[in-house]
Protein chains: 2
Amino acid sequence: MLQILTLVGDKWTILVIGQLRDRTLRFSELHRVVTGISQRMLTRTLRQLERDGLLTRTVHPSVPPRVEYALTQLGTTLLESATMLAAWAATHRQEIIDRRRRFDGTC
Amino acid sequence: MLQILTLVGDKWTILVIGQLRDRTLRFSELHRVVTGISQRMLTRTLRQLERDGLLTRTVHPSVPPRVEYALTQLGTTLLESATMLAAWAATHRQEIIDRRRRFDGTC
DNA sequence: CTGGATCCCTGAGGATACTG
DNA sequence: CAGTATCCTCAGGGATCCAG
């Protein structure tokens with residue numbers, strides 16, 4: 001349970017599957033659109049999500065290589081929860097930052 | 001955004017506020033009911049959640065000391081999303097574990 | 001273009017012992 | 001009871017270079 005929660009609560013997991021909501025994306029597209037992720041962590045995240053059956057990895061044998069990632073059925077079921085969490089984070093971001101400042105000030 | 005997602009996606013955050021859903025809890029009660037958390041991480045998690053305004057920490061001056069934790073309004077708004085994520089994890093736990101085994105087997 | 005391999009650093013996190 | 005302090009280990013994660 002803890003490891004599953006670690007997986008689905010991971011920020012990169014949430015951001016990646018959020019981007020795959022309504023279209024498949026290539027590696028470089030994901031790298032561009034998932035703000036702040038390094039190449040290394042994107043690779044790792046994608047491998048894990050593929051391993052866990054949340055997305056599929058399709059290699060198109062061409063030059064240059066073209067690899068597309070798409071959500072699976074299982075991945076889609078996670079999408080709703082993950083999206084809610086991301087939305088909450090976006091909504092209350094400033095509020096939390098302010099509270100942190102206030103808290104740190106009064107201590 | 002990344003730091004907020006790191007906060008609300010954290011496994012301990014999700015489990016702790018899930019336990020505070022409908023009642024305030026003492027430190028020792030949380031330690032007992034949040035499976036697998038160490039005293040150290042419970043303390044840290046609670047401090048951070050207090051700092052970020054997700055829960056309140058109330059010290060009752062008595063012997064032995066009695067400290068109670070309760071969700072704030074803000075914490076309650078996170079509850080729904082966090083609960084969904086935890087429910088997803090619980091529902092698909094075995095499925096993911098199986099997929100991992102299969103994936104590791106075929107490689 | 002899509003990664004894999006390597007190096008390095010920091011922080012997460014457990015175990016244990018101690019205190020008001 | 002509710003922590004704090006200390007030590008130690010390991011995974012997260014960036015940077016860089018290399019390859020098919």
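Letters go in sequence order (proteins before strands), and every chain restarts at 1.
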Once you round it to whole Å, what is the distance between [atom2] of [N] and [atom1] of [X]?
| X | N | atom1 | atom2 | result |
| --- | --- | --- | --- | --- |
| A:R66 | C:dC1 | CZ | C1' | 10 Å |
| B:R40 | D:dT9 | CZ | C1' | 12 Å |
| A:E29 | C:dT2 | CD | P | 8 Å |
| A:L2 | D:dA11 | CG | P | 16 Å |
| B:H31 | C:dA15 | NE2 | P | 10 Å |
| B:L46 | D:dC1 | CG | P | 16 Å |
| A:L5 | C:dA12 | CG | C1' | 16 Å |
| A:R26 | C:dC1 | CZ | P | 7 Å |

Under 4.0 Å: is that the gap between some side-chain N or O of [X] and OP1 or OP2 of [N]?
| X | N | answer |
| --- | --- | --- |
| B:R57 | D:dG3 | yes |
| B:Y69 | D:dC1 | no |
| B:T43 | D:dG3 | no |
| A:S38 | D:dG13 | no |
| A:R44 | D:dA11 | no |
| A:W12 | D:dG13 | yes |

**Item:** 5′-ward residue of the pair A:I37/B:V67 relative to DNA chain D
**Value:**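 So the residue in question is B:V67.
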**Asked** When clusters are formed by joining ILVMFWY residues with side-chain heavy atoms under 4.5 Å apart, either directly or through shared neighbours, do A:V34 and A:L7 land in the same one?
**Response** yes
**Message:** Could you see if A:F103 belongs to whatever hydrophobic cluster contains B:L55? Use Ile, Leu, Val, Met, Phe, Trp, Tyr and a side-chain cutoff under 4.5 Å.
**Reply:** no
**Message:** If you count heavy atoms of other groups shown closer than 6.0 angstrom to CD of B:E95, is the number above 12?
**Reply:** yes
**Prompt:** Do you know the tightest heavy-atom contact between B:L85 and A:L85?
**Reply:** CD2-CD2, 3.8 Å
Out of [options], whichever nucleotide has its closest atom nearest the side chain of [X]:
| X | options | answer |
| --- | --- | --- |
| B:M41 | D:dC17, C:dG14, D:dG14 | C:dG14 |
| B:K11 | D:dA2, C:dT2, C:dG13 | C:dG13 |
| A:Q39 | C:dG4, D:dA2, C:dC1 | C:dG4 |

**Message:** Which residue is it: A:R101, A:R102, A:R100, A:R93? I am looking for the one with a salt bridge (Lys or Arg N to Asp or Glu O under 4.0 Å) to B:D52.
**Reply:**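 Result for salt bridge (Lys or Arg N to Asp or Glu O under 4.0 Å) with B:D52: A:R100.
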